[in-house]
Amino acid sequence: MRATGCTCSCTSPALTSPQRPATQPPIRTEVRHARQGGGGPGHDPPLSATGRRRRRVGRGHAGRRGPRAPHRCLQRLPARPRHPEERRGEGRAQGSARGHARRGRAAGRLIPSSANALSPPEENAMSRIVTRFAPSPTGFLHVGGARTAIFSWLLARSRNGRFLLRIEDTDRERSTPEATQAILDGMTWLGLDWDGEIFYQSERAHIHNAAVDRMLETGQAYWCECSPEEVEAMREKARGEGRKPKYDGRCRERGLGPGPGRVVRLKAPQDGATSFDDMVKGPISIANEEMDDLILRRSDGSPTYNLAVVVDDAEMGVTHVLRGEDHVSNTPRQIQIYRALGLPVPRFGHVPMILGPDKKKLSKRHGATSVFDYHHQGILPEAMVNYLARLGWSCGDQEIFSKDDLVRLFTTENLGSSAAVFDMDKLLWLNAHYIKEAAPERLADLLPPFFEAQGMPAPGREALLTVIPHYQTRAKTLVEFAASSAFFFVDDAALVYDPAAVAKFLTADAKARLAELRDLFAALPNFSEESLDTALNAYVTATDTSFKVIAQPLRIAVTGRTQSPGLHQTLAALGREKSLARIDRALTL
RNA sequence: GUCCCCAUCGUCUAGUGGCCUAGGACACCGGCCUCUCACGUCGGUAACAGGGGUUCAAACCCCCUUGGGGACGCCA
């Protein structure tokens with residue numbers, strides 16, 4: 001298998017539609033092919049080639065992390081009060097891409113050309129940073145893509161910047177509208193909102209091609225008539241000689257024009273090196289002789305990926321590109337294209353991969369890879385975001401981060417540079433934490449589909465609300481939540497008794513006590529937790545027994561199982577009628 | 001094969017030359033709490049891949065080795 005897809009380190013095997021429980025997310029985002037139209041290719045005023053030179057070079061890791069006193073991530077704290085106010089509005093489109101086409105486009109074109117010219121965008125206090133997430137719609141949003149989306153979103157939101165979305169749907173074979181929808185739904189579920197219109201790469205071929213034409217005109221690109229077979233032969237030869245397999249550039253100076261079967265190649269620099277200061281990995285440099293003259297336009301006239309990405313990012317005004325590690329080797333090539341086009345080079349950051357427990361790249365073999373798999377497993381979105389953000393990023397010893405915390409604290413400085421293993425246990429722990437913290441009303445909104453998924457009608461909201469607090473400390477997922485609290489809501493006659501528990505605890509002696517308790521409960525003036533608690537304790541003292549002796553039999557009688565919330569709570573939540581009915585039934589077992 | 005990247009407890013990580021007999025969290029083990037299960041709480045086991053340098057001092061800087069990963073498409 002190979003990496004497919006997104007600009008985000010995904011391995012996005014077109015996942016087959018999972019048999020999803022009835023947890024259809026209530027969040028739907030319209031996929032609409034916004035007409036991007038117009039707008040020439042990157043015809044922005046050419047910027048001085050020197051504009052992009054970094055000042056900070058090769059100082060190793062120390063170089064990108066200045067010496068500072070307190071926890072670095074906490075330094076963002078003072079910034080807090082400013083942010084919420086400043087970044088609001090401006091056509092941030094949550095949900096369907098409607099209506100802000102003009103505004104979005106204008107901003108996209110203007111910002112970079114003025115802001116990027118002289119210093120790296122990061123250092124320029126006046127510049128608005130622009131990040132993007134650019135998935136290719138060949139499957140669901142998987143956790144790797146979700147994480148780079150989260151980081152890109154955080155980078156923008158934490159710096160009062162814009163976060164854009166571009167769908168890289170130029171692979172007609174594998175791109176589907178369903179996948180696009182699934183990705184948007186995934187983003188929405190996670191609460192990652194984007195600014196302005198969604199960009200669809202497939203609608204922008206004319207812009208890409210215009211850029212190629214421009215390079216042809218300026219001599220930065222040339223026509224090549226070598227066939228794929230010939231090129232493969234060159235590569236084979238080079239490989240045999242222990243060199244980097246590459247096209248040998250034989251058409252470079254031939255001055256060929258257009259013609260059938262011909263491609264356009266970049267006339268890349270042949271000596272020197274191309275380097276960049278990666279936001280997560282530090283300085284990276286690759287000798288230009290390692291790279292060949294990559295194809296910009298295929299023989300069928302269509303633009304290639306590396307060209308399209310560069311042109312789109314430049315056109316959209318992207319200043320900071322955060323993407324998967326599998327793109328580091330594309331980066332120098334893309335930088336060469338930026339230079340050939342005279343465009344400002346954005347900052348790049350490559351986030352490491354997510355591994356499975358066996359330390360191999362996370363894949364379906366390891367279980368769930370789509371964020372919706374986790375949704376359906378009853379993971380709360382805030383737990384997912386917290387977990388994913390913490391996977392490869394840290395802030396001192398802090399583990400729990402609300403989205404606001406993240407926005408306030410995030411910086412690329414604290415992004416880790418090595419691959420990380422996806423740890424379900426820790427996700428579960430976080431999820432349990434957020435379930436405890438959640439408002440019961442919210443859980444009541446979320447839970448119904450999880451009951452339905454296990455084949456029972458969703459309980460009434462009121463009944464649900466009385467039971468929910470008892471399970472917030474007991475469930476790690478909503479699936480577990482529904483499963484372990486289901487006995488509350490089933491018909492008394494349909495309650496399933498655990499045979500082993502019945503055999504062990506519902507002895508004749510126990511039944512005798514149950515009968516007494518039944519009468520006691522029937523006579524109780526009210527059936528509240530307090531009065532039950534008092535009555536139970538009084539019974540224990542009066543009959544000179546211990547709570548332990550009556551607890552399990554009673555519990556099994558009303559729940560069918562050995563585990564439940566506290567007895568008085570369980571009985572009260574069940575109500576007198578059901579409690580008595582169940583005890584009666586237990587007496588017959 | 002070539003190039004690039006990565007390397008602290010089982011896992012996520014803190015660490016940016018002395019605050020390190022390496023800190024936190026998950027998981028695991030044990031105690032407490034207790035009507036069960038949880039929650040909570042207290043405690044414990046557990047790591048700087050190896051070797052050379054540099055330095056008064058190295059988990060941290062440099063080099064090498066080893067191991068892992070990625071890339072080398074008219075895919076994205």
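By convention in this document, chain letters (A, B, ...) are assigned in the order of the sequence lines, proteins followed by strands, and residues within each chain are numbered from 1. For clarity, every value in this text was computed on a predicted model and none was experimentally measured.
Between B:C61 and B:C48, the distance separating the two C1' atoms is 15 Å to the nearest Å. The gap from the P atom of B:C26 to that of B:U21 amounts to 25 Å, rounded to the nearest Å. Nucleotides B:U55 and B:C12 are separated by 36 Å at their P atoms, to the nearest Å. Look at the P atom in both B:G24 and B:G69: the space between them is 32 Å, to the nearest Å. The separation of B:C42 from B:A49, taken at their C1' atoms, amounts to 35 Å, rounded to a whole angstrom. Taking atom P on both B:A59 and B:G52, the two are 14 Å apart, rounded to the nearest angstrom. Rounded to whole Å, the separation between the P atoms of B:C56 and B:G50 comes to 25 Å. For B:C4 and B:C63, the P atoms lie 13 Å apart once the distance is rounded to whole Å.
Taking the six-membered ring for Trp and thresholds of 30 and 60 degrees, A:H327 and A:Y305 have ring planes inclined between 30 and 60 degrees apart. Taking the six-membered ring where the residue is Trp, A:F481 and A:Y471 present tilted rings, their angle falling between 30° and 60°.
Shown here, B:G40 forms a base pair with B:C32; the pair counts as Watson-Crick or G-U wobble because both key distances fall under 3.5 Å. Across all strands shown, B:C75 has no partner, as no Watson-Crick or G-U wobble contact with both distances under 3.5 Å is found. Here B:C26 sits opposite B:G10 as a Watson-Crick or G-U wobble pair (both hydrogen-bonding atom distances under 3.5 Å). Pair check for B:A57 finds none; no Watson-Crick or G-U wobble contact set falls under 3.5 Å.
For A:V421, counting side-chain heavy atoms from C-beta on, the closest listed nucleotide (B:A27, B:C12, B:G70) is B:C12. With B:G69, B:A27, B:C37 as the candidates, the nucleotide lying closest to the side chain of A:E325 is B:G69. Picking from B:C12, B:U36, B:G1 the nucleotide with the shortest atom distance to the side chain of A:Q552 gives B:U36. With B:C3, B:A76, B:U13 as the choices, the nucleotide that has an atom nearest any side-chain atom of A:R390 turns out to be B:U13. Among the nucleotides B:C3, B:A14, B:C35, the one closest to the side chain of A:I286 is B:C3.
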A:Q201 and A:D169: CA distance, side-chain angles, deciding distance, side-chain hydrogen bond (donor to acceptor under 3.5 Å, both in side chains) verdict: CA-CA 6 Å; A:Q201 195 164 58; A:D169 54 350; over 6 Å; no

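Residue side chain A:T304 does not reach the base of B:C74 through any donor-acceptor N/O pair under 3.5 Å, judged by distance alone. A donor-acceptor contact under 3.5 Å links the side chain of A:H568 to the base of B:C35. With hydrogens and angles left out, the side chain of A:E399 and the base of B:G24 share a donor-acceptor pair within 3.5 Å. No donor-acceptor contact under 3.5 Å links the side chain of A:R474 to the base of B:C39.
Contact between the side-chain N/O atoms of A:K436 and the OP1/OP2 oxygens of B:A38 is not found at any separation under 4.0 Å. OP1 or OP2 of B:G69 has not a single side-chain nitrogen or oxygen of A:K361 nearer than 4.0 Å. One finds a side-chain N or O of A:R298 lying less than 4.0 angstrom from the OP1 or OP2 phosphate oxygen of B:A76. Within the 4.0 Å cut-off from OP1 or OP2 of B:A14, at least one side-chain nitrogen or oxygen of A:S394 is found. For A:R235 and B:C74, the shortest distance from a side-chain N or O to OP1 or OP2 is below 4.0 Å.
Closest-nucleotide positions on RNA chain B for A:A419 and A:G261 were compared, and the one nearer the 5' end corresponds to A:A419.
Atom P of nucleotide B:C74 and atom CZ of A:R333 are separated by 9 Å, given to the nearest angstrom. Remark: P of B:G10 and CG of A:D358 are 17 Å apart, rounded to the nearest angstrom. In this structure, A:I284 places its CD1 atom 11 Å from C1' of B:C6, rounding to the nearest Å. The interatomic distance linking A:D397 (CG) with B:G15 (P) rounds to 9 Å, in whole Å. The interatomic distance linking A:K548 (NZ) with B:C33 (P) rounds to 11 Å, in whole Å. Separating the CG atom of A:L294 from the P atom of B:C75 is a distance of 12 Å, rounded to the nearest angstrom. Rounded to a whole Å, the CD atom of A:E437 is 14 Å from the C1' atom of B:G40. For A:F348 and B:C4, the CZ to P distance is 19 Å, given to the nearest whole Å.
With hydrogens and angles ignored, the 3.5 Å screen pairs a side-chain donor or acceptor of A:D405 with a backbone N or O of A:S402.
A:E325 has a carboxylate O that lies under 4.0 Å from a charged side-chain N of A:K281, or vice versa, which qualifies the two as a salt bridge.
Ring centers of A:Y374 and A:F422: under 6.0 Å apart, within the cut-off.
Stacking of A:W429 onto the six-membered ring of B:C26 is not present when judged by under 5.5 angstrom between centres and under 30° between planes.
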